Every structure is written in C-alpha cells, then in structure tokens.
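Predicted model only: the values in this text are computed from it and were never measured. Reminder, nothing fancy here: chain letters follow the sequence lines and each chain counts from 1.
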Amino acid sequence: MSSQLVGAGADLPDGFAAELIAWQRVHGRSGLPWQHTRDPYVVWLSEVMLQQTQVSTVLTYFLRFLLRFPDVQSLASAPSDEVMALWSGLGYYSRARNLHRCAQVVVAEHGGAFPRSARELALLPGIGESTAAAIAAFCHGERISILDGNVRRVLSRLLAFSGDMSQASAQKALGSLAQALVPKTAAGDDMTAYTQGLMDLGATICTRSRPLCERCPVSALCRARAAGTVDQFPVKTRKTQRRHETWWLLLARTVLASGQTHWWLQRRPSQGIWAGLFCVPVFDSDLSLMETVDATQRDKLRLLEPISHSLTHRELRLQPMLLDCAEQDAGWVSNGQWVPEYALHAHGMPAPLRTLLLAQRLGGGLQDAEPAR
DNA sequence: AACGCGTGGAT
DNA sequence: TATCCAAGCGT
C-alpha cells in the first residue's frame, strides 16, 4: 500500500500546501466562533453541526447549544429530549442522538477527555473519518487530511481527478491523494491553516459554479484550469431520485381550563424520517385520517393550505387538517399527549411542523383553504 | 456499497 | 420550478 501512496505522491504538484497555508492566513475565514480554540469539545460540536450544513445555518444553533451545554459533562448528563429540542430545525437528527451518546462515552470511558488521534476519534458515535481528521488537525496539529465536499471539489479540479464521486472506490482514491498532499513538516498551527484553507478555498474561491480562478492561490498548479475543464469536476454520475408523497397531518387543538391552547403530539417512530421527534399524527390518506377521528367530530375538520417540504430523497406535500376539540374528545388517538403552546420550544420537532403550528397561533384563519364567508 | 437521513441557500 | 448540494455518517 505504501508503494501506491508513494507512486501517487510523485504525480502531485509541488508547493500546493505552502501556497494554500499562506493564502489562508491572509484571505481565509477567521471570524467564525469555533475558530481560535483548540478545545476538542467546541471543535467537535461545530464539526458535527457543520456536517452537510452551511455555516450560516449553524451559527445560531452553535452559540445557543454552547451556552446551554458549555462542556462535555453538561451535555452527557442532559436529558435526551432537551438535546433534541436544541437541535430542532437543524436536520439530520441522528447527529444529535450520536452527539449525545458520544458525550456520554467520552465521560464514561475517557474520563471526560476526547481521544487525541483521528484513528481513535473515528471510533466514537457520529464521528467519521473526515470529522475525526478535522478535530485532530485543528486541536492537535495531526498531519491528516479531511475529505469533505470542499476537498473533493478543490482536489478533483487541482488534479483533474476523473474518478466518479458516486463510487466509494473513487472517494477512497481521492482520499489517498488528499493525504499525500498534506504538508510533510507542519510546524506550529500549520495544520490548522492548511485544513481551514482547504475548506475556505472550496467555500469562497473554488465554488461549484463560476469559480473565481483569477483569485485562486493555486491556479498555476491546477490541471483542470490548464485544460479549461474546471466545470467538469468533480465527476458525479449518480442522481438522487426524489419521490413525491402526500402526508395528511391532524392538527388537533384544545383549550384547557388554564386558557392555554394545547396541541396533540405523538413521538415519531425511532426509525425513518424525523425519528424520535415530536409530531402531530400523520396519515397517508385523508380517508385514514377521517377514520381515526370520532364520527361526531368529523364535520369540525378544516382543511388548511398544504405545505411542500423537500428532503434529500423525498418531496413531501404536507396537508394539514385542523380540529378544535374538547379535551375529553381526544379518545381517538393513543400514545400522544397534549402539549401547551408555551412548551413547544422545549420539544424537538420537524421544522415545517413548528412553522405550521406557529402560523395557527399568529392568525391561522389566513391560512384556511376554505373560502372566506 | 448503495441508500436513508433535514433543511435552507444558490443557481 | 427543479436541481444541486453544504465542514458526512451509519447501516
């Protein structure tokens, strides 16, 4: 295996790392709240939140999360539902569950200190190879390469790497090249600047469309640039198919003696979309929703405006039906609970549902699909 | 090893 | 509007 790595290394451009590091220190991003620290807890939290999620989206979640859970011990001892509530709206909720489990493992099995090497970090829940490499490089200067979307785009162009990113074998091959490009001698915080530089270059210069090659510090080394084929990299053949579905949502509402509005929420199954989150009852047809509602109340159902909500692999048409009922009428669904409006923020729930419930409070009459009279 | 898993921004 | 995809991971 080492002979292959050496062979690949012989093909690589000289001076890439040095140019990138110098560029990052002048033109790279430096004001993000998870930079300028080597606290593995802070870096870990940011890296997990940033998985498949843009910086601008993460910012507020990160600051709020760190305020509530300032260290790994406080996170480890928190109730799972509180972690999910703070993650609510950020998506990919298995990240939050793994984050919580990881904190508990670090406390219980590592005395509250994250392992230092990428190899050991990658054994923890929710930490894959790329995240492990980022933590080890940022916190301890380990000479190891990340391999995220930015690196795949930057390096596939730099090397005119034609492997298909849809295939694991090609990603592995590019990962070996990425590792071979890591600076041989990384002094001080060189690995921090190098790692950050790879991502900054991909995020601000070597962008998906219309890259700013004139401003790129390594354009002279870039093989796609030389061939005029920058727009052909990275290669990715697999297209994500998106299935269309309609989900019928039962928004059951009641006003208790306290005068507070409550919503009927259930916990989602532990597998699948929105696993473990709180949600209103979901049905796959209007008929099945109607059959669930007591016959004496069906004429109180009101059809609201549908919402389209797209996931990576699904295009959902969410069709809400509003039902005002008395508390004692609620015998028609099991395993749920009335949740007061003031407590919704403390429940992890899907983003579109939060929007939907909020819209009812703020004058849902405007959203009523039935004609005004 | 391909697929499931959220949400929002950019084009 | 449709599509891509962003500091990926688990199975």
Original post:
Going 5' to 3' along DNA chain C, which nucleotides are the first and last within contact of chain A (any atom under 4.0 Å from a heavy atom)?
Top reply: dT3(C) to dG10(C)
Subject >> Separation of dG8(B) P from L59(A) CG (nearest whole Å) >> reply: 15 Å
Original post:
Distance from E142(A) atom CD to I135(A) atom CD1, nearest 0.5 Å?
Top reply: 11.0 Å
Subject >> For atom CZ of R95(A) and atom C1' of dC5(B), their distance in whole Å >> reply: 10 Å
Original post:
Relative to the ring of W274(A), is the ring of H309(A) parallel (under 30°), tilted (30 to 60°) or perpendicular (over 60°)?
Top reply: tilted
Original post:
Roughly how far apart, to the nearest Å, are dC3(B) and dA7(C) at atom P?
Top reply: 24 Å
Subject >> Q171(A) CD - dA2(B) P separation (whole Å) >> reply: 11 Å
Original post:
Testing W263(A), W87(A), F278(A) for ring pair (Phe, Tyr, Trp, His ring centres under 6.0 Å) with H347(A), which one passes?
Top reply: F278(A)
Original post:
Of R314(A) and R242(A), whose closest DNA chain B nucleotide lies nearer the 5' terminus?
Top reply: R314(A)
Original post:
Within the structure shown, what part of the strands sits under 4.0 Å from K236(A) by heavy-atom distance: base, sugar-phosphate, or nothing?
Top reply: sugar-phosphate
Original post:
Base, sugar-phosphate, or nothing for T312(A), non-hydrogen atoms under 4.0 angstrom?
Top reply: base
**OP:** Give the rounded distance in Å between these two atoms: CD of Q167(A) and C1' of dC3(B).
**Re:** 15 Å
Subject >> Whole angstrom value for the distance that separates C1' of dT7(B) from CZ of R354(A) >> reply: 14 Å
**OP:** Select from E129(A) and E315(A) the residue whose nearest nucleotide in DNA chain C is closer to the 5' end of that strand.
**Re:** E315(A)
**OP:** Could you give the distance separating dG10(C) and dG8(B) at their P atoms, to the nearest angstrom?
**Re:** 24 Å
Original post:
Do P115(A) and L124(A) touch side chain to side chain, with heavy atoms closer than 4.5 Å?
Top reply: yes
Original post:
Reckon G202(A) touches a base, only the sugar-phosphate, or nothing at all at heavy-atom distances under 4.0 Å?
Top reply: nothing
Subject >> Side chain S310(A) and base dG8(B) donor-acceptor under 3.5 Å >> reply: no
Original post:
So what does R152(A) hit on the nucleic acid, given a heavy-atom distance under 4.0 Å: a base, only sugar-phosphate, or nothing?
Top reply: nothing
Original post:
What nucleic acid atoms does V58(A) come within less than 4.0 Å of, heavy atoms only: base, sugar-phosphate, or nothing?
Top reply: nothing
Original post:
What is the nucleic acid contact for A351(A), judged by heavy atoms within less than 4.0 Å: base, sugar-phosphate only, or nothing?
Top reply: sugar-phosphate
Identify the pairs formed between an N or O of the protein and an N or O of nucleotides 9-11 of chain B at a distance under 3.5 Å, and give each distance.
residue: dG9(B); atom: O4'; partner: Q54(A); partner atom: OE1; Å: 3.1

**OP:** Quickly work out the Q52(A) CD to dC3(B) C1' distance and round it to whole Å.
**Re:** 14 Å
**OP:** Answer with base, sugar-phosphate or nothing: what part of the nucleic acid does Q196(A) contact at a heavy-atom distance below 4.0 Å?
**Re:** base
Original post:
Which part of the nucleic acid does L90(A) contact within heavy-atom distance under 4.0 Å: base, sugar-phosphate only, or nothing?
Top reply: base
**OP:** Figure out the OH/C1' separation between Y61(A) and dG6(B), and round it to whole Å.
**Re:** 10 Å
Original post:
Which hydrophobic side chains are connected to V235(A), either touching it within the sub-4.5 Å cutoff or through other members that do?
Top reply: F233(A)
**OP:** Could you tell me whether the side chains of D148(A) and S130(A) share a donor-acceptor contact shorter than 3.5 Å?
**Re:** no
Original post:
Would the number of heavy atoms belonging to other residues, nucleotides or ligands and lying under 6.0 Å from CD of E129(A) be above 12?
Top reply: no
Original post:
Quantified in whole Å, what is the C1' atom distance between nucleotide dA6(C) and nucleotide dG6(B)?
Top reply: 12 Å
Subject >> Residues E120(A) and S117(A): side-chain donor-acceptor under 3.5 angstrom >> reply: yes
**OP:** Tell me yes or no: between the side chains of R361(A) and T261(A), is some donor less than 3.5 Å from an acceptor?
**Re:** no
Original post:
Only one of F138(A), F69(A), F114(A) forms a ring pair (Phe, Tyr, Trp, His ring centres under 6.0 Å) with W44(A), so which one is it?
Top reply: F114(A)
Subject >> Nearest-Å distance for atom pair OH/P, residues Y92(A) and dG6(B) >> reply: 8 Å
**OP:** Check every strand shown and say whether W44(A) touches a base, only sugar-phosphate, or nothing at a heavy-atom separation below 4.0 Å.
**Re:** nothing
Original post:
Counting just side-chain N and O atoms, does H313(A) come under 4.0 Å of either OP1 or OP2 of dG4(B)?
Top reply: no
Original post:
Within the structure shown, what part of the strands sits under 4.0 Å from I273(A) by heavy-atom distance: base, sugar-phosphate, or nothing?
Top reply: sugar-phosphate
Original post:
Quick one: on DNA chain C, does D200(A) or G126(A) contact a more 5' nucleotide (nearest heavy atom)?
Top reply: D200(A)
Original post:
When you check the gap from the basic side-chain N to the acidic O, do R25(A) and D190(A) get nearer than 4.0 Å?
Top reply: yes
